[in-house]
Amino acid sequence: MSLDQEIYQQRRAKLGELQALGAAAYPHHYAATHRLAEIAAEYSGWDAERLERDRIHVKVTGRIMTLRGHGKAGFAHLQQAGERLQIYVRQDALGETGFAVWKLVDLGDWLGVEGYLFRTRTGELTVHAEKIELLAKACRPWPEKWHGLQDIERRYRQRYLDLTVNLESRAIFLRRDRLMRFLREAFQQRGYLEVETPMMQPMAGGAAARPFVTHHHALDIPLYLRIAPELYLKRLVAGGLERVFEINRNFRNEGISTRHNPEFTMLEFYEAFSDYRALMSWSEQLLASAARAVTGSEQVTFHGQTLDFSQCQRLSLREGVPRFWPVAAGPKPGPEFWADRSQLEAAVAAYNRYAATAGAGAPIPSPSGADAGELVMALFENLAEEHLVQPTIVYDFPLSVSPLAKSKPDEPDWVERFEIYAGGMEIANGYSELNDPEEQERRFRQQAGADAAIDSDYVRALEYGMPPTAGEGIGIDRLVMLLTDAASIRDVILFPLQRPETVAEPEGLGG
RNA sequence: GGGGCGGUAGCUCAAUGGUAGAGCAUUGCCCUUUUAAGGCAAGGGUUCUGGGUUCGAGUCCCAGCCGCCUCACCA
């Protein structure tokens, strides 16, 4: 029998002993008078004399995190919502039966304690227990109290342990919650309506990622988990919901990395009678206020660097290529390299030679097959992205990589689109929305290929008329990473996708 | 999918190719103001799996599984 199983059986047996003492193994409720945080807030200033004079009776609950037996007495720390409070028990205060219950208590158990506050010789605020009740037993052995749970895989798999033992992990999710509240409030104040659109879609549109496929039995049709809510949200704008936002999951059947989880949370929002310029300014303010709301400052530490959200740098995509051109790759492309096919291909060739020799990056495949826009985009992503540590708005993208964005009036091959980068990651993407149905249909057909299906209801919605609109998506998980200095997207997602585990059964319940 | 690193007791970690250890946790005894409580004693191992080299493998080699990092994929 393994130690796990041995401990499991010992602790189940203790539940039986507890019932023999007249207690419930798993009681239904416990009426506490205080949260541990309330006790800390109200009585941390009280000295021993005052606590003795105005004796404060409390009933508290918490999980046992430390346990120190002293013969016919003992100490423990209860933890509740990240707060700890010490309790002191002694046989003469608890009585024979109460003390027998104490003897059956283990690390990790949930306990209800009734008593009065006092200060120990070392001055620690402590509950002098008069009555204790086991509320739920930890039948599995608890992680080590000092080093805690380090194994990164187990921290994700068994988040319930991680959240209790690693309080910095708990703090990340409290910050995440604060960000979500802030964002909802900010959008409501700007007159936005929060909506929910289908996560199961008959066609996966709005982005170019591989979808997950499932099947609906009653209708006998394939359904796709959405890769973006975009096309549904814009239908709503066409329907007169002039400002809408949605915060929810997208699903992309692609690789997993420190910046990618197959399901991730996206904030998408659309406002009528607006354009990408307006959204750039508003996004800039939004990020600054979000940083302040969540961290208390517009300057945020991320991977040892200070990111300043008080203002975004701005840079056109086309400028980015010469700006971040590495010396080792030879002469910089000229300022209008993108307008001339031969200059562009020369730049790609120079970059590819550089990528091969320095091992500094991935080569850009098949320059002759790609159109100019794809090449400029590839150059930008390979050269610039990692340098965009300070919050930066990159604007004006090639049309060929932006099938849903509206062209620039004076440059038909370029669109009114921007992305926001910070910490070397893309965190937002927005544009003036294309609302000409014929133009949209042409671009869909070009993207999908002649025979492939396109979302013709979306085109139909545009045919009824969608007002001029600007929209944007913000990657919430990555934003949380920035605001919590997280190294991996998995640190900011409670249950990141992992290969399934086979759970060890504790051969409990007497076999 | 490519490359790099890792997998040892419940947890955190040690161990030149030579008897697998420590701290915490667990069990028993002592202990009525401790706090990583303390003292005495005990139990606990498929060293990820399978092959191979060797007198001898946790250690070296090969294959596989799992994880992390990285590159690729991913508007």
Side-chain angles (χ1 to χ4, degrees), chain A residues 1-11 48 65-77 84-94 99 102 106-108 118-124 126 128 138-158 161 165 206-211 227-228 230 250 252-262 264 317 355 359-365 373-374 377-378 380-382 394 397-405 415 417 419 426 429-431 447 473 487-488 490 498-502 504 506:
Chain A
M1 184 160 64
S2 76
L3 187 62
D4 246 354
Q5 292 162 348
E6 202 176 306
I7 289 174
Y8 185 86
Q9 293 194 351
Q10 283 165 5
R11 296 193 178 180
M65 299 304 288
T66 63
L67 201 51
R68 297 176 290 281
H70 276 269
K72 294 184 177 59
F75 288 91
H77 274 107
R84 286 193 181 190
L85 181 66
Q86 182 169 257
I87 65 166
Y88 175 54
V89 305
R90 38 193 295 167
Q91 191 173 39
D92 52 16
L94 285 186
F99 200 71
W102 167 254
D106 289 294
L107 279 180
F118 78 111
R119 285 201 182 269
T120 61
R121 273 179 204 158
T122 54
E124 181 165 347
T126 301
H128 196 294
C139 295
R140 300 254 193 181
W142 202 249
E144 208 245 7
K145 65 185 169 191
W146 192 242
H147 298 94
L149 188 62
Q150 300 292 322
D151 185 285
I152 206 161
E153 181 186 353
R154 270 193 75 190
R155 290 182 48 204
Y156 301 146
R157 282 195 196 284
Q158 296 181 274
L161 294 178
V165 171
R210 277 178 71 186
I227 54 177
E230 172 157 0
N250 289 346
R252 297 187 180 176
N253 203 341
E254 283 154 8
I256 298 174
S257 79
T258 45
R259 290 181 297 281
H260 301 262
N261 193 61
F264 62 100
L317 183 102
I364 296 167
E374 288 165 345
M377 185 78 174
F380 177 82
E381 285 181 339
N382 284 290
V394 177
F397 280 64
L399 180 142
S400 62
V401 296
S402 315
L404 298 160
V415 296
R417 172 178 168 194
E419 291 185 344
E426 179 193 338
N429 179 19
Y431 35 84
Q447 186 188 26
S488 166
R490 273 160 288 188
Q498 289 178 296
R499 205 177 290 271
E501 174 202 24
T502 39

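Residue numbers start from 1 in every chain, and the chains themselves are labelled A, B, ... in the order their sequence lines are given, proteins ahead of strands.
Annotation: side chain of Ile87(A) is in contact with side chain of Trp102(A) (closest heavy-atom distance under 4.5 Å). Taking 4.5 Å as the limit, some side-chain heavy atom of Arg417(A) sits within range of a side-chain heavy atom of Val401(A). When side chains are defined from C-beta on, Arg157(A) counts as touching Gln498(A), because their heavy atoms get closer than 4.5 Å. Put simply, the side chain of Tyr431(A) does not reach to within 4.5 Å of the side chain of Val415(A), judged on heavy atoms. Residues Ile227(A) and Asn250(A) are not in side-chain contact: their nearest non-hydrogen atoms beyond the backbone lie 4.5 Å or more apart. In this structure, Gln86(A) and Arg68(A) have side chains that are in contact, with non-hydrogen atoms separated by less than 4.5 Å.
Across all strands shown, Asp151(A) has heavy atoms under 4.0 Å from sugar-phosphate atoms exclusively, and none from any base. Using a 4.0 Å heavy-atom distance criterion, Gly148(A) is classed as a sugar-phosphate-only contact. Residue-level contact check: Ala209(A) touches the backbone only, with heavy atoms under 4.0 Å from sugar-phosphate atoms and none from bases. Here Gln498(A) lies out of heavy-atom contact (under 4.0 Å) with every strand. Among the heavy atoms of the strands, none lies under 4.0 Å from Leu67(A). In this structure, Arg490(A) reaches the sugar-phosphate backbone alone: every heavy-atom distance under 4.0 Å involves primed, P, OP1 or OP2 atoms, never a base. Among the protein residues, Arg155(A) comes within range of no part of the nucleic acid, since none of its heavy atoms lies under 4.0 Å from any strand. No contact: Glu426(A) has no heavy atom under 4.0 Å from any strand. Contact annotation for Gly473(A): no contact, since no heavy-atom pair falls under 4.0 Å across all strands. In this structure, Phe118(A) reaches the bases: a heavy-atom distance under 4.0 Å links it to at least one base atom across the strands shown.
Comparing the P positions of A37(B) and U27(B) gives an interatomic distance of 16 Å, to the nearest angstrom. G45(B) and A20(B): their C1' atoms are spaced 8 Å apart (whole Å). Across the P atoms, C62(B) and U53(B) are found 15 Å apart, a figure rounded to whole Å. Distance check on atom P: C40(B) versus G23(B) gives 11 Å, rounded to whole Å. Comparing G3(B) with G38(B), their P atoms are spaced 49 Å from each other, to the whole Å. On the P atoms, A63(B) is 43 Å away from U26(B), given to the nearest whole Å. When the C1' atom is compared between U47(B) and G58(B), the two are found 5 Å apart, to the nearest whole Å. A36(B) and C24(B) have their P atoms separated by 13 Å, given to the nearest Å.
Checking the phosphate oxygens (OP1, OP2) of A25(B), a side-chain nitrogen or oxygen of Lys145(A) falls inside 4.0 Å. An OP1 or OP2 oxygen of C68(B) is reached within less than 4.0 angstrom by no side-chain nitrogen or oxygen of Arg499(A). Contact check, Ser257(A) against C69(B): no side-chain N or O comes under 4.0 Å of OP1 or OP2. Residue Arg68(A) places at least one side-chain N or O closer than 4.0 Å to OP1 or OP2 of A37(B).
As the counterpart of C13(B), G21(B) is assigned, both hydrogen-bonding distances of the Watson-Crick or G-U wobble pattern falling under 3.5 Å. The pairing partner recorded for U33(B) is none, the criterion being a Watson-Crick or G-U wobble arrangement whose two distances lie under 3.5 angstrom. U59(B) is unpaired under the Watson-Crick or G-U wobble criterion, no partner having all donor-acceptor distances under 3.5 Å. For G67(B), the paired base is C5(B) (Watson-Crick or G-U wobble, both distances below 3.5 Å).
Contact annotation: side chain of Asp106(A) to base of U26(B), donor-acceptor pair absent below 3.5 Å. In terms of polar N and O atoms assigned as donor or acceptor, the side chain of Gln86(A) comes within less than 3.5 Å of the base of U34(B) in a complementary pairing.
Take the nearest nucleotide of RNA chain B for Gly206(A) and for Leu107(A): the residue whose nucleotide is more 5' is Leu107(A). Toward the 5′ end of RNA chain B lies the nearest nucleotide of His147(A), the other residue of the pair Gln10(A) and His147(A) mapping further downstream.
Between the P atom of U33(B) and the CZ atom of Arg119(A) lies a distance of 19 Å, rounded to the nearest Å. Atom CD of Gln150(A) and atom P of G6(B) are 18 Å apart (whole Å). In this structure, CH2 of Trp142(A) is placed 16 Å from C1' of U12(B), rounded to the nearest angstrom. Straight-line distance from the CG atom of Asn261(A) to the P atom of C73(B): 20 Å, rounded to whole Å. Rounded to whole Å, atom P of C68(B) lies 15 Å from atom CZ of Arg259(A). The CG-P distance, from Asn253(A) to C73(B), rounds to 17 Å in whole Å. The NE2 atom of His70(A) sits 9 Å away from the C1' atom of U32(B) (whole-angstrom rounding). Summarising the geometry, the separation between CH2 on Trp146(A) and P on G23(B) is reported as 17 Å, rounded to the nearest angstrom.
Distance from the side chain of Thr258(A) is smallest for C69(B) among the nucleotides C69(B), U26(B), C73(B). The side chain of Glu381(A) has A75(B) as its nearest neighbour among C74(B), A75(B), G67(B). For Glu419(A), taking side-chain heavy atoms from C-beta onward, the closest of the listed nucleotides A75(B), U70(B), C11(B) is A75(B). When distances are taken from the side chain of Glu153(A) to each of G67(B), U34(B), C11(B), the shortest belongs to G67(B). Distances from the side chain of Pro141(A) to the nucleotides G10(B), U32(B), A72(B) place G10(B) closest. Minimum atom distance to the side chain of Arg90(A) is reached by U33(B), of the listed C73(B), C68(B), U33(B). Distances were taken from every side-chain heavy atom of Thr66(A) (C-beta onward) to each of C74(B), C68(B), A37(B); the shortest belongs to A37(B). For Arg121(A), the listed nucleotide lying nearest its side chain is U33(B); candidates were U33(B), A75(B), C11(B).
Between Tyr88(A) and His128(A), the ring planes lie perpendicular to each other; the angle is over 60°, past the 30° to 60° tilted range.
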Would you check, one step at a time, whether the test side-chain contact (heavy atoms from CB on, under 4.5 Å) holds for Val165(A) with Trp142(A)? CA-CA 9 Å; Val165(A) 171; Trp142(A) 202 249; 3.9 Å; yes

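Side-chain atoms of Asn261(A) and Arg490(A) include no donor-acceptor pair closer than 3.5 Å.
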